[in-house]
Amino acid sequence: MTMYVWDYLSEYEREREDILDAVDTVFRSGRLVLGESVKGFEEDFAAYQGVDHCVGVDNGTNAVKLGLQALGVGPGDEVITVSNTAAPTVVAIDGTGATPVFVDVRPDDYLMDTEQVASAITHRTKALLPVHLYGQCVDMAPLRRLADRHGLVILEDCAQAHGALHHGRPAGTMGDAGAFSFYPTKVLGAYGDGGAVITHRAEADQALRRLRYYGMDQDYYVVGTPGHNSRLDEVQAEILRRKLTRLDGYIEGRRAVARRYEEGLADIAGTCGLVLPTTNEGNTHVHYVYVVRHAQRDDIIDRLKGYGISLNISYPWPVHTMTGFAHLGWTEGALPQTESAAREIFSLPMYPSLDQARQDRVIEALREVLGTL
């Protein structure tokens, strides 16, 4: 049987009774849209994150889009971010009418190179959008200083960083707002789409609640900026509420898998050209994905298929090189670290229910393949 980078079935078997009870709870509640489950999850997630407000939305893309709009970003503005991210980050910026502006990433952790941000700021810059990638946070202190100096807002993309800490502060709490995805593969994943925006700012919370509900403060009456139909589903909210109580356990399971990979591969990594992930000082890593790097990446992935192991690349195409964003005017070569990483990085299977036998299968197969290069 082929092994993939993510699988939820064994986890579902363990949690099946609770998941089905969550569905039944909603169906018996008499309220299927914006009911007690959404309200309860918003309160619970805000408490977990240590913020004043949480607004559930329909997916992570709209969490970024509505988060930006709630912070005042719109047509004519520029938003500084990275190209080494999932395309939805940039799709969301584009959806506000603003222009994405890219800076390169650092070669060791593939996170935003904050030293390049200052030179990317123009009179049109409105927001900074760091992406907390693979399970650990961008260095936020220099971004906060720049934002304060230039009067900018910060929206953190936390789609891959549920539970991650930066010098003790949770991802999503260091800027003006934080956008989360609850896509099934995430550290905290639903059984379908879902997202949320957290913030300390009461005015942003109020704007988000209008924006996710057509722009309405009350039924049938739009005030201010017309919004969207972007409500978090009651069923997904109730499932997430149950799973939130197990989030710390999921994270510890991911860390255990990461430790086992480190133990099984560290002795050959240096001699075979394999680069293992690192955790930056001050960060608490949640290992959403376990990203390694090798100059012969494509050959390695192809050979591992013969062992029944199908790996993933996060991400094979930098956003600025995609034809859908050609109108932004970026060309290949503009972001050398991003483009170099995209040719060499790949992800090993990573999820908390990945048992040791399957971990060993990955380690042994990868060691064999590396030994033949």
Side-chain angles (χ1 to χ4, degrees), residues 46 49-55 63-85 89-90 92-106 109-133 136-180 196-208 211 225 280-284 335 337:
Q49 293 292 134
V51 296
D52 297 322
H53 309 286
C54 171
V55 179
V64 175
K65 180 181 178 183
L66 272 61
L68 288 171
Q69 290 179 313
L71 295 174
V73 175
D77 294 330
E78 292 179 347
V79 177
I80 298 175
T81 190
V82 293
S83 181
N84 182 38
T85 183
T89 302
V90 184
I93 297 170
D94 187 73
T96 69
T99 300
V101 175
F102 301 111
V103 295
D104 213 346
V105 297
R106 307 193 318 178
D109 57 18
Y110 320 120
L111 297 170
M112 174 183 275
D113 186 343
T114 58
E115 294 183 0
Q116 297 188 23
V117 175
S119 62
I121 295 173
T122 73
H123 69 282
R124 293 176 56 195
T125 305
K126 179 71 174 184
L128 308 180
L129 205 169
V131 180
H132 301 316
L133 200 65
Q136 70 172 329
C137 295
V138 173
D139 184 9
M140 293 298 295
L143 296 183
R144 186 72 269 173
R145 289 193 295 268
L146 284 171
D148 292 344
R149 185 182 310 150
H150 294 277
L152 309 177
V153 295
I154 299 177
L155 177 69
E156 301 171 58
D157 185 335
C158 308
Q160 301 188 7
H162 312 72
L165 302 175
H166 182 58
H167 295 289
R169 298 187 63 181
T173 68
M174 295 167 281
D176 296 280
F180 288 82
V197 184
I198 62 172
T199 182
H200 287 295
R201 298 174 55 170
E203 69 278 13
D205 172 71
Q206 293 166 4
L208 284 160
L211 286 166
T225 304
N280 296 332
E281 182 180 356
N283 275 353
T284 301
L335 302 172
Q337 294 298 341

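Between the side chains of Asp139 and Thr114, no donor N or O sits under 3.5 Å from an acceptor N or O.
Put simply, the residue from Thr89, Thr85, Thr81 that forms a side chain to side chain donor-acceptor pair (under 3.5 Å) with Asp157 is Thr89.
For His53, there are no side-chain hydrogen bond (donor to acceptor under 3.5 Å, both in side chains) partners, not counting sequence neighbours. Legend: residues meeting salt bridge (Lys or Arg N to Asp or Glu O under 4.0 Å) with Glu203, ordered by chain and number and at least two apart, are Arg201. Scored by the side chain to side chain contact (heavy atoms under 4.5 Å, CB included) test, Ala147 finds Leu128, Arg144, Leu152, Ile154 as partners (sequence neighbours excluded).
For residues 66-82, the salt bridge (Lys or Arg N to Asp or Glu O under 4.0 Å) pairs, not counting sequence neighbours, are Glu78-Arg124. For residues 162-172, the pairs satisfying side-chain hydrogen bond (donor to acceptor under 3.5 Å, both in side chains) are His166-Asn283, with sequence neighbours left out.
No side-chain heavy atom of Thr225 sits less than 4.5 Å from a side-chain heavy atom of Gln69. Contact of the Asn280 side chain with the Leu111 side chain is registered, since non-hydrogen atoms from C-beta on lie closer than 4.5 Å. When side chains are defined from C-beta on, Met174 does not count as touching Pro130, because their heavy atoms never get closer than 4.5 Å.
Between the side chain of Glu156 and the backbone N or O of Gly178 there is no donor-acceptor pair closer than 3.5 Å. One N or O on the side chain of Thr173 and one on the backbone of Pro170 form a donor-acceptor pair closer than 3.5 Å.
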Side chains of residues 92-106: which donor-acceptor pairs under 3.5 Å do they make with residues two or more places apart or in other chains?
unit_1 : atom_1 : unit_2 : atom_2 : d
Thr96  : OG1    : Ile93  : O      : 2.7
Thr96  : OG1    : Ala98  : N      : 3.1
Asp104 : OD1    : Thr338 : N      : 2.9
Asp104 : OD1    : Thr338 : OG1    : 2.7
Asp104 : OD2    : Gln337 : N      : 2.9
Arg106 : NE     : Asp109 : OD1    : 3.4
Arg106 : NE     : Asp109 : OD2    : 3.2
Arg106 : NH2    : Asp109 : OD2    : 2.4

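Closest of all the heavy-atom pairs between Val197 and Ala63 is CG2-O, 3.3 Å. Considering every non-hydrogen atom in both Ala177 and Leu71, the closest pair reads CB-CD1, 4.1 Å. Contact detail for Ala179 and Leu155: the closest heavy-atom pair is N-CD1, 4.1 Å. Contact detail for Ala204 and Ala70: the closest heavy-atom pair is O-CB, 3.8 Å. The two atoms that bring Ala171 and Gln49 nearest to each other are O-NE2, 3.0 Å, heavy atoms only. Taking each heavy atom of Tyr110 and Asn84 in turn, the nearest pair found is O-ND2, 3.2 Å.
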Stepwise, does the side chain to side chain contact (heavy atoms under 4.5 Å, CB included) test hold for Leu129 with Val64? CA-CA 9 Å; Leu129 205 169; Val64 175; 3.8 Å; yes
Asp205 and Asp52: CA distance, side-chain angles, deciding distance, side chain to side chain contact (heavy atoms under 4.5 Å, CB included) verdict: CA-CA 9 Å; Asp205 172 71; Asp52 297 322; over 6 Å; no
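For the atom pair CG of Leu211 and CG of Leu68, the computed distance is 11.0 Å after rounding to the nearest 0.5 Å.
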